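Following: one structure in structure tokens, then a few remarks.
Small disclaimer: the values here were computed from a predicted structure and weren't measured. Ligands are counted one by one from 1 in listed order, and the atoms in each one are counted from 1 as well.
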Amino acid sequence: MDFENLTVDATGPIARVAVDRPKRLNALNHATIAELDDAFRALAGDPAVRVVVLRGAGDKAFVAGADITEIRDQSPVEARGFSRAGQALMSRIADFEKPVIAAVNGYALGGGLELALACHLRLASDTAQLGLPEIKLGIMPGFGGSQRLARLVGPARALELMLTGEPVDAATALSLGIVNHVVSADQLDDRVEELAGGLAQAAPEAVRGILQAVRQGLD
Ligand code: COA
């Protein structure tokens, strides 16, 4: 699979997807959202793939949000279309029938945290910063992250993060239940591979059933 804004390695049971726009801290523009959607659609249909790992290229950011240089010039109609595309991508990932692990290797802000929240499991490096700063730009999280965060940590804590727009560090994210584990930055890839390797060996029917059962419980 060839993409402009992603790297995808799907040569074995563990597919590795990286958002690859390091000069923009891997921010999500329209093209990147479309490419992620295409990549996940292809990985869903590939029976050899049993688990997906999603990370940001480089060591500074997972994804630093929607691409501000793009959204600041959007008309209301364009903004609506952008939100819809983001929501569709997040739903595709949340509904994915194979586990998707977010390796949160740095900033996960705005649409970047929404992307991590759509994944099934989240491992963070101890350098990660997570938050929904949209309010500081006069907008709200538009990709479904407000609901996903509230389900995960409860409405009061979710509201505090969204209404202040202040990010939290990885340790706080762990204590809130936003991430499953925090590890040192140099250990993150190994821990994610270890987890992914175990999941890749689990019975696919059982994995699919568990993902489905939990999803139905959230509906
Ligand atoms: N969209 C577009 N470009 C972004 C971006 C985003 N969400 N986040 C970072 N970038 C770009 C910066 O503009 C900068 O580009 P430049 O080198 O051409 O000036 C580059 O990425 C590096 O970011 P920089 O701000 O210099 O890094 P930093 O370490 O000083 O700060 C952040 C890192 C994440 C704190 C800061 O970039 C930031 O606050 N980004 C916006 C986060 C945000 O509001 N996200 C939600 C959007 S809805």
Legend entry - Whether Phe40 and Phe96 hold their rings parallel, tilted or perpendicular, with breakpoints at 30° and 60°: perpendicular
Min N/O separation [X] to ligand 1 under 3.5 Å:
X      : answer
Ile68  : yes
Ala64  : yes
Lys23  : yes
Leu109 : no
Arg24  : yes

Can a protein heavy atom be found under 4.0 Å away from [atom]?
atom                    : value
atom 17 (O) of ligand 1 : no
atom 26 (O) of ligand 1 : no
atom 29 (O) of ligand 1 : yes
atom 13 (O) of ligand 1 : yes
atom 41 (C) of ligand 1 : yes

Inset, instruction - Determine, for Arg208 against Glu205, whether the closest basic-nitrogen to carboxylate-oxygen distance falls under 4.0 angstrom. - result: yes
Counting only heavy atoms from other residues, nucleotides and ligands, does the tally under 6.0 Å from [atom1] of [X] exceed 12?
X      : atom1 : result
Asp73  : CG    : yes
Arg41  : CZ    : yes
Arg215 : CZ    : yes
Glu160 : CD    : no
Asp95  : CG    : yes

Legend entry - Asn26 side-chain N/O to Ala61 backbone N/O, donor-acceptor pair under 3.5 Å: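 Yes, Asn26 side chain to Ala61 backbone: donor-acceptor pair under 3.5 Å.
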Inset, instruction - Would you mind telling me if ligand 1 is within reach of the side chain of Asp67, the backbone, both or neither, using heavy atoms under 4.0 Å? - result: both
Legend entry - Side chain, backbone, both or neither: the part of Lys60 lying under 4.0 Å from ligand 1 by heavy atom: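 Only the side chain of Lys60 comes within reach of ligand 1.
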Legend entry - Test side-chain contact (heavy atoms from CB on, under 4.5 Å) applied to Arg122 and Leu174, Leu152, Val100, Val182, the passing residue: Leu152
Legend entry - Sub-4.0 Å atoms of ligand 1 with respect to non-hydrogen atoms of Leu137: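 In order of number, 47 (C), 48 (S).
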Legend entry - Atom indices of ligand 1, in the order listed, that fall short of 4.0 Å to a heavy atom of Ala27: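 Here the atoms of ligand 1 in question are 1 (N), 2 (C), 6 (C), 7 (N).
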For [atom], what's the nearest protein heavy-atom neighbour? Residue, atom name and distance, please.
atom                    : answer
atom 37 (O) of ligand 1 : Leu25 CD1, 3.7 Å
atom 31 (O) of ligand 1 : Tyr107 OH, 4.4 Å
atom 44 (O) of ligand 1 : Pro133 CG, 3.7 Å

Legend entry - Check: Val192 and Leu195 side chains under 4.5 Å, non-hydrogen atoms: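 No. Closest side-chain heavy atoms not under 4.5 Å.
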Legend entry - Side-chain touch Leu113/Ile178, heavy atoms, less than 4.5 angstrom: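 In contact.
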Legend entry - Per atom 7 (N) of ligand 1, closest listed option by heavy atom (Gly65, Ala108, Ala66):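 Of the listed residues, Ala66 has the closest heavy atom.
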